[in-house]
Amino acid sequence: MARREDLPKVYDPRAVEAKRYARWEELGYFRAEPGGSRPPFSIVMPPPNVTGSLHMGHALDNVIQDVLIRRRRMQGYAALWLPGTDHAGIATQAVVERELAREGLTRHELGRELFLERVWNWKERAQARIVEQLKRLGSSADWSRERFTLDEGCSRAVTEVFVRLYEEGLIYRGERIINWCPRCLTALSDIEVEHREVEGELVTVAYPLADGSGEIRIATTRVETMLADTGVAVHPADPRYAGLVGKEAVLPLVGRVLPILADEGVDPEFGTGAVKVTPAHDPLDFEIGQRHGLPKVDIFTPDARVSDAGGAFRGMDRYEARRAVFRALEEGGYLRGVVRPYLHAVGHCYRCGTEVEPRLSTQWFVRVEPLARAAVEAVREGRVRFFPERWSKVFFDWMEGLKDWCISRQIWWGHRIPAWYCEGCGEVVVAREEPASCPRCSGALRQDEDVLDTWFSSALWPFSTLGWPEATPDLAFFYPTSVLVTGYDIITFWVSRMIMMGLHFVGDVPFRHVAIHGLVRDWRGKKMSKSFGNVIDPLEMVERYGADALRFTLARSATPGQDVPLAEEWVEGSRNFMNKIWNAARFVLMNRAGESSAEPPGERGLAERWILSRLARAGARADEAYESYDLAEAARVLHHFFWSEYCDWYLEVAKVAMARGDGEAARARKTLLFVLDQALRLLHPLVPFIADEIWTRLTGGETVATASWPTGLEAFLDPVAEDEFETVQKTVVAIRKFRQDHGIAPTARLDVTFRAEEASERVLAEAAEMVSRLAGLARFSPGSTEGRAKLHVRAGLELGVAVEGFLDVGREIARLRREEEELEAEAYRVRARLGQPGFLAKAPPEVVEGTRRRLAEAEEGLARVRQLLAELEGLQP
RNA sequence: GGGCGUUUAGCUCAGCGGUAGAGCGCUUCCCUUACAAGGAAGAGGUCGGAGGUUCGAAUCCUCCAGCGCCCACCA
């Protein structure tokens, strides 16, 4: 008996999503345990920053991961998706400082302890919000394992790594030129600096020679730093200056005597070929200074104002000082030639956009070169594979010329550097636990005030979250993780460093695959940003259209490695697809007569064989796409299968069978149920909520989330059925088109005969009822087409429509003319190909054969169409 | 200054060596008992340009152009 399914006509995600997610969590489907017979599959979530809430980029990243993990879970893997969040040092601190500023406070007024309390407070709120948002998206992460980069375990891993690297000589403290942000008041690593083109001026300045014999001209874009010059350099092979090397120049405005020296680092082609050397304010000058033992004079304060060392210019910021020094040089008569406008790249802080100041400073560094070698080798050997492969090039390029990594930051929010300084003897102690006193002199110790670069802890994420440095069962089972899913924008920041650290400390790569995705953009390819006003908020989309609709939209656009354009109307389109799935399911469930969806009927008609074969193809293609991280392709394949094949054709055909109420009805129902069941499984990773809602109603099972992934579908492949059904489709479409062309009412039941060669005739005779119903016919039977409007469907198949009064001869002629033109073009193309010299000899036989068949079809069709035209034209007055 | 990506239907994108595809938009018809968030039938591309390889190129190679991105201590 038919079970009455009372489903609303319109799918309502709100009524489904929260309920389903709660149930998944309650039943613990997302928990993964190490050991056992299930093979491991693991993904460690790139931790969102606790600066605020989730944006569309996070949604994309997490949807991709969720799709991958859900499929593996269904395939029987012990599938672990380990979630967490990142403390995001500078960024989070900046957010909280901004909040303080609104209260008229600074972090210094609050003090370190109170300030950190506030940041922790902020973190709790942001983290809760982020987790909530991830859940709304349907993320099937194992929340029992949720981690935070500053939690106890991760912090322990950070300390351990720091201490070990220090002991191995791979971490050191030293005075170097670093990138300094005068606004954030901290050092930055090289990759935290963004280069932007800036309009500057190239100024030529004359430095008088000390012996009064003339002058040497230098070119610079930063005249203000001349206050800190301690030398002048030229290229050793530059003949213009050969006589000056070894002499001395006098620094204008300051009066300091500067040695003129030769150094390979100077480019004789640039400017005048002579440069001022400012070791404290320029990285190249620093190196030249080192090589020649020049003193270093620092003329800036941390916020980039001229310090006391800058004499008359003290107190000015760098830009004021630039103008002032320029004027002073001008007044002193030191300028030569013209001041040239000059476009050049200047470093900016990637967090706040302030121009970075190269600054002499004592910081902690990681010597990355030895670590990098192993990482490059691992990728080269394929132990880590990038998808798409070309992104490995970005990795290699960056790893090549790596300089040491500055890891200390002059902020408070982060992992405090585990180094202590003796106030008595100056000893530096690096230790896992705070030492009671100086091991050398027993003096009092003071801990380093600085914290570590956020990316330092991020680099350890794949193993710190699994319990390292303990040898935990999680680490043994789930490491290396299976795949890292992330955007191409952090390959250098993060991916490469994880590989280095994983190899060094765990002895194996952190992940076998890196699935790279692009950045989410708006519909015209523009970056989403608040100032553009083109931001689409994921939560808003979820509320308006449902999580599945958003997920499907993102997946469908996410071609591997390419940017992902997004527009609200596309989410709407996906919502429509969800509604389609819902209503198809509603139909299937309403018509069910107690059958199970577990298997297809043993006895199958043409349509059954066709849809099962199409299912098998869709399954295979989706699988292949999923395996190569091409979610866009998987989504497209499944969308097409479900909508254009299952709904548009099979469902309509099944109605015909069900109307008969005999054995055909039962096998149609069984097929509908089975294919729906399989399709829902294939779709579940992409659209988990609706798939689960329907699947549980369909099967009575607990959840599709842990149901088995479809396998063995290839047994249903049936090329003969596909070909025969195509004949049916073409026939139906030809009649519908005829009806449309002649404006025949949809309600008019036509009488159609067909004449076909044997194979097609058999197929159509069997499918007569199907065709009648789909094309709205009163009768569809084999027989003569004489005296009827003749439709050419394909070679050897012609239909005759009884037209009675309503055939418009003029229109029919026009229709046939179009057909004639198309066939002519086709015949021409194919004949041209066959006539190409060498084609017959060199093309593969099956291609030649196919081409000949096409020509035969086209010619036959053309002959027939022309004949019909002649007949009709005879009818015209 | 290097490098990468991209250029295919009005829009956003697939296809990457053998008959040009999808979604959205557009046109016409239809509220047919799963769905009007729908159904049916259509219109619409010399696949950025120029060479080359090949029997055959949107697809491979070279060059050029436009757009976008990444890297870079020529001050």
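Letters A, B, ... are given to chains in the order of the sequence lines, protein chains preceding strands, and every chain is numbered from 1.
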Counting only pairs under 3.5 Å, give me each side-chain donor-acceptor contact of residues 224-233 of chain A, with atom names and distances, residues two or more places apart or in other chains.
from   : atom 1 : to     : atom 2 : distance (Å)
A:E224 : OE1    : A:R322 : NE     : 3.1
A:E224 : OE2    : A:R222 : NE     : 2.9
A:E224 : OE2    : A:R222 : NH2    : 2.9
A:E224 : OE2    : A:R322 : NE     : 3.4
A:E224 : OE2    : A:R322 : NH2    : 3.1
A:T225 : OG1    : A:R222 : O      : 2.9
A:T225 : OG1    : A:K276 : NZ     : 2.6
A:D229 : OD1    : A:K276 : NZ     : 3.2
A:D229 : OD1    : A:T278 : OG1    : 2.6
A:D229 : OD2    : A:Y207 : OH     : 2.6
A:T230 : OG1    : A:P295 : O      : 2.8

Kindly assign one of parallel, tilted or perpendicular to the pair [X] and [Y], based on the angle between their ring planes and the thresholds 30° and 60°.
X	Y	answer
A:Y646	A:Y650	parallel
A:F386	A:F395	tilted
A:F493	A:Y350	parallel

Residue pairs involving residues 541-559 of chain A (criterion salt bridge (Lys or Arg N to Asp or Glu O under 4.0 Å); sequence neighbours excluded):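 Matches after skipping sequence neighbours: A:D66-A:R551, A:R136-A:E543, A:E540-A:R544, A:R544-A:E568.
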Could you list the residues that satisfy salt bridge (charged side-chain N to carboxylate O under 4.0 Å, His left out) with A:R833, not counting sequence neighbours?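 Not a single residue meets the salt bridge (charged side-chain N to carboxylate O under 4.0 Å, His left out) criterion with A:R833.
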According to side-chain hydrogen bond (donor to acceptor under 3.5 Å, both in side chains), who are the partners of [X], at least two apart in sequence or on a separate chain?
X	result
A:D397	none
A:D238	A:R240
A:Y626	none
A:H344	none

C1'-based separation of B:G25 from B:G45 [nearest Å]: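 Comparing C1' positions in B:G45 and B:G25 gives a spacing of 16 Å.
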Report the distance from atom [atom1] of [X] to atom [atom2] of [N], rounded to the nearest whole Å.
X	N	atom1	atom2	value
A:Y350	B:C69	OH	P	20 Å
A:L343	B:A75	CG	P	10 Å
A:D563	B:C13	CG	P	9 Å
A:E859	B:U19	CD	P	19 Å
A:Y488	B:C4	OH	P	16 Å
A:I178	B:C73	CD1	C1'	15 Å
A:E568	B:U12	CD	C1'	16 Å

Between [X] and [Y], is there a side-chain N and carboxylate O pair less than 4.0 Å apart?
X	Y	result
A:E821	A:R817	no
A:E857	A:R853	no
A:E849	A:R852	no

Just to confirm, is there a sub-4.0 Å distance from OP1 or OP2 of [N] to any side-chain nitrogen or oxygen of [X]?
X	N	result
A:Y342	B:A75	yes
A:K9	B:A36	yes
A:R833	B:C55	no
A:K580	B:C35	no
A:K655	B:A34	yes

Considering only nitrogen or oxygen atoms on both sides, find all protein atoms under 3.5 Å from nucleotides 42-47 of chain B and state each distance.
none

Would you classify [X] as touching base, sugar-phosphate or nothing, given that sugar-phosphate means primed atoms plus P, OP1 and OP2, and contacts are heavy atoms under 4.0 Å?
X	value
A:E269	nothing
A:V266	base
A:T559	sugar-phosphate
A:P358	nothing
A:R736	sugar-phosphate
A:D282	nothing
A:A345	base
A:L651	base
A:D648	sugar-phosphate

Looking at RNA chain B, which of residues 226-234 of chain A put a heavy atom within less than 4.0 Å of it?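 When residues 226-234 of chain A is checked for heavy atoms under 4.0 Å from RNA chain B, there are no hits whatsoever.
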Heavy-atom donor-acceptor pair, A:R739 side chain to A:A745 backbone, under 3.5 Å: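 Yes.
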Candidates A:T272, A:I218, A:I216, A:L261 - the one meeting side chain to side chain contact (heavy atoms under 4.5 Å, CB included) with A:V234: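 Answer after filtering A:T272, A:I218, A:I216, A:L261: A:I216.
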Which pairs count as side chain to side chain donor-acceptor pair (under 3.5 Å) when at least one residue sits in residues 197-206 of chain A, sequence neighbours excluded?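 Every candidate side chain to side chain donor-acceptor pair (under 3.5 Å) pair involving residues 197-206 of chain A fails, so no pair, neighbours aside, qualifies.
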Only Watson-Crick and G-U wobble pairs with both distances less than 3.5 Å should count. Give RNA chain B in dot-bracket notation, marking inter-strand partners with |. ((((((((.[[[[.)..(..]]]].(((((.......))))).....[[[[[..)....]]]]])))))))....
For each nucleotide in nucleotides 20-29 of chain B, reading 5' to 3', give B when a protein heavy atom comes within less than 4.0 Å of its base, S when such contact involves only the sugar-phosphate, and - otherwise. ---SS---B-
Tell whether A:Q562 reaches the base of B:A14 with its side chain through a donor-acceptor pair below 3.5 angstrom.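 When only heavy-atom distances are counted, A:Q562 does not reach the base of B:A14 through any donor-acceptor pair under 3.5 Å.
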